Every structure is written in structure tokens, then in C-alpha cells.
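Step one of this worksheet: look at the structure below.
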Amino acid sequence: MKRVFWLMSVVGLTLGQSSVAQANYQFGQASYATTSNAANNASINIDDAINQLIAKSQTTNTTTITSRIAQSADTVSSITSSNLPTINRSANFSSDYQSPSVVAQLTTNSAPSMAAAHASRAARGSSIGRCALYVRRALQSAGYSFTPQASAYQYAHGTLASAGFTKISNDNYVPQVGDVVVFNRTSRNPHGHIQIYDGNQWVSDFRQPKFSPYSQHNGYTVWRDHRYNDASANTGTMLAMNDR
């Protein structure tokens with residue numbers, strides 16, 4: 001009988017311990033689940049907080065950089081406005097422009113004067129039909145460089161310009177020593193005509209009594225070496241152009 005009671009006690013104790021163990025196990029599982037969830041939630045909350053801090057930091061840095069750039073631009077603008085001279089953009093460019101070329105005084109040793117003097121010495125009393133040859137030699141003797149032409153009219157088509165001459169207006173024209181005039185060709189004069197002014201009269205292959213060697217002509221162009229200026233020129237030289 002005692003043995004029976006003893007067995008029952010042992011069995012009851014075992015069952016009780018099992019129940020306690022099971023209860024503890026369930027409690028442990030519940031605690032672990034709660035702890036795990038809490039840890040997960042804490043991890044999520046920390047990630048959110050970090051992301052928010054990063055976003056806030058980027059926004060702050062962007063705002064700061066933008067502000068500093070704006071401040072720098074204002075500073076540069078202020079320095080530029082205060083230190084640089086004011087430019088009048090409405091000013092006429094042509095009135096402000098200064099030509100770099102230097103005009104020398106026309107003297108007896110100037111190229112135009114030397115060419116005219118040579119032409120005057122070589123000129124004949126009457127024409128022999130070689131005006132282009134005589135004027136060309138006169139210009140070359142003074143140092144002008146260009147490609148010789150067979151006909152007089154051709155000198156007005158780039159040759160004189162290449163030698164340093166400039167075409168000037170015929171209106172109110174006053175001759176200057178060394179000026180060259182080229183007459184256009186016509187059916188009667190297919191080679192045209194070329195002449196140079198020596199300060200007293202126009203000369204070519206002969207000393208011309210008047211400006212034009214023709215009774216009628218087909219127009220002309222006037223050429224001048226603008227690198228030289230005759231300060232002594234006067235309107236009296238217009239007499240050299242009488243009876244055109």
C-alpha cells in the first residue's frame with residue numbers, strides 16, 4: 001500500500017514538473033516573440049530616424065551651398081561694378097576708332113613724288129601710244145611693286161591697289177603729286193589710258209596740255225597713295241584739270 005502511494009506521488013510530481021516546464025516554455029516563447037518584435041520595431045525606428053537625419057542634413061547642406069553661391073555672385077557683381085570703367089555701348093564705333101596707319105608728309109623724296117618726277121623727265125612732247133609703259137616705269141622707279149599690265153585700263157582692276165594706291169572720289173577732286181588716273185577703254189581706244197600728276201601737269205608718255213587726252217572718254221578712276229599727304233596742296237592745282 002505504501003508502495004502504491006509512493007508511485008502516485010512520483011507520478012504526480014513528474015506531471016507537475018512537466019506542466020511547469022511546459023508553462024515556462026510557453027512563457028519563454030511568448031517573451032522571445034515579444035522581445036523579437038520589439039527589437040524589429042526598434043530597428044525599423046532607428047533606420048527611419050537615420051534616414052530622416054540624412055535627408056535633413058542634405059537639405060541643410062544644399063540650402064547652405066546655394067546661399068553661399070548667391071553671396072559669392074553678389075560679391076563678384078559688386079566688385080565688377082565698383083572697379084571696372086563704365087562702357088558707353090551707345091557710342092558710335094566708327095567715331096571712336098583710330099586708324100593705326102601713319103600718314104607721312106609728302107616730300108620730294110616720297111614715293112609718289114619720285115614717280116611723278118621720273119615720269120615728267122621721261123615724257124615726250126607728243127604721244128607715241130605707250131602710256132602704260134611710261135607710267136609703269138615711273139612707278140617702279142619709285143619702289144612700287146606690282147604685276148605689269150599690257151593695257152592701261154587694266155591698272156584700275158587691282159594692280160594699283162596691290163601697289164598701295166586707293167581709289168578716291170572724282171567729285172571736287174584736287175590733284176596731289178603722284179596721283180594716277182586711269183581712263184576706261186572704248187571702241188576707239190581699246191587699251192584705255194593712264195597718266196600721273198607731277199605737280200604742274202598730267203604726264204604719261206608725253207606732257208599732256210590738259211587732263212584728258214581725248215575729246216570724248218568713257219569715264220575714269222583716280223588713285224592716290226594715301227600713305228602720304230601733301231600739306232601744300234591748294235585749289236590752284238584745279239587748273240591742271242581744265243578742258244576735260
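For reference, positions follow the sequence shown, starting with 1. Atoms considered below: every heavy atom in the structure, side chains included; atoms not considered: hydrogens, waters and symmetry mates. Everything numeric here is computed off the predicted structure, so don't read it as measured data.
Contact of the Y134 side chain with the V203 side chain is not registered, since no non-hydrogen atoms from C-beta on lie closer than 4.5 Å. Residues H191 and C131 have side chains not in contact (no heavy-atom distance under 4.5 Å, counting atoms from C-beta outward). At least one side-chain heavy atom of Y173 sits under 4.5 Å from a side-chain heavy atom of D179. Considering only heavy atoms from C-beta on, S162 stays 4.5 Å or farther from T147 through its side chain. Residues R207 and Q201 form a side-chain contact, since some pair of their non-hydrogen atoms from C-beta on lies under 4.5 Å apart. Under the 4.5 Å side-chain criterion, counting only non-hydrogen atoms from C-beta, F165 is in contact with L139. A 4.5 Å side-chain heavy-atom check between I194 and V180 finds at least one atom pair inside the cut-off. Residues Y155 and W223 fail the side-chain proximity criterion, which asks for heavy atoms closer than 4.5 Å.
Ring geometry for F183 versus Y220: interplanar angle of 30 to 60°, hence tilted. Classification of the Y197-W202 ring pair by plane angle, with boundaries at 30° and 60°, yields tilted. Note: F206 and H193 have tilted aromatic rings, judged against thresholds of 30 and 60 degrees for the angle between ring planes.
To the nearest 0.5 Å, the span separating OG on S141 from CZ on R136 amounts to 11.0 Å. In this structure, OG on S204 lies 9.5 Å from CD1 on I128, to the nearest 0.5 angstrom. Interatomic distance, OG1 of T166 versus CZ of R224, reported as 10.0 Å (0.5 Å rounding). Rounding to the nearest 0.5 Å places CG of N189 at 11.0 Å from CG of N184. The distance from the OG atom of S113 to the CG atom of D198 is 10.5 Å, given to the nearest 0.5 Å. Atom CG of N229 and atom OG of S110 lie 10.5 Å apart (nearest 0.5 Å).
Nearest heavy-atom pair across V135 and Q195 is CG2-CA, 4.1 Å. When all heavy atoms are compared, the tightest approach of P148 to Q140 is CG-NE2, 3.9 Å. Closest approach of R227 to G164, counting heavy atoms only: NH2-CA, 3.9 Å. Pairing each heavy atom of Y144 with each of A115, the nearest pair is CE1-CB, 4.4 Å. The nearest pair of heavy atoms linking A116 to V177 is CB-CG1, 4.0 Å.
Using a 4.5 Å cut-off between side-chain heavy atoms of Ile, Leu, Val, Met, Phe, Trp and Tyr, with links allowed through other members, I196 and F146 fall into the same hydrophobic cluster. Under a hydrophobic-cluster definition in which Ile, Leu, Val, Met, Phe, Trp and Tyr are linked whenever side-chain heavy atoms come within less than 4.5 Å, directly or via other members, L160 and V222 are assigned to different clusters.
Shown here is R130, whose CZ atom has no more than 12 heavy atoms of other residues, nucleotides or ligands within 6.0 Å.
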For this session: Mind running side-chain hydrogen bond (donor to acceptor under 3.5 Å, both in side chains) on N218 and T186 for me, showing each step along the way?
Result: CA-CA 6 Å; N218 190 32; T186 64; over 6 Å; no
Problem set entry | Verdict with reasoning, R188 to Y214, per side-chain hydrogen bond (donor to acceptor under 3.5 Å, both in side chains) | CA-CA 10 Å; R188 292 188 60 183; Y214 308 124; over 6 Å; no
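Remark: the backbone N or O of S151 is paired with a side-chain donor or acceptor of Q154 at under 3.5 angstrom.
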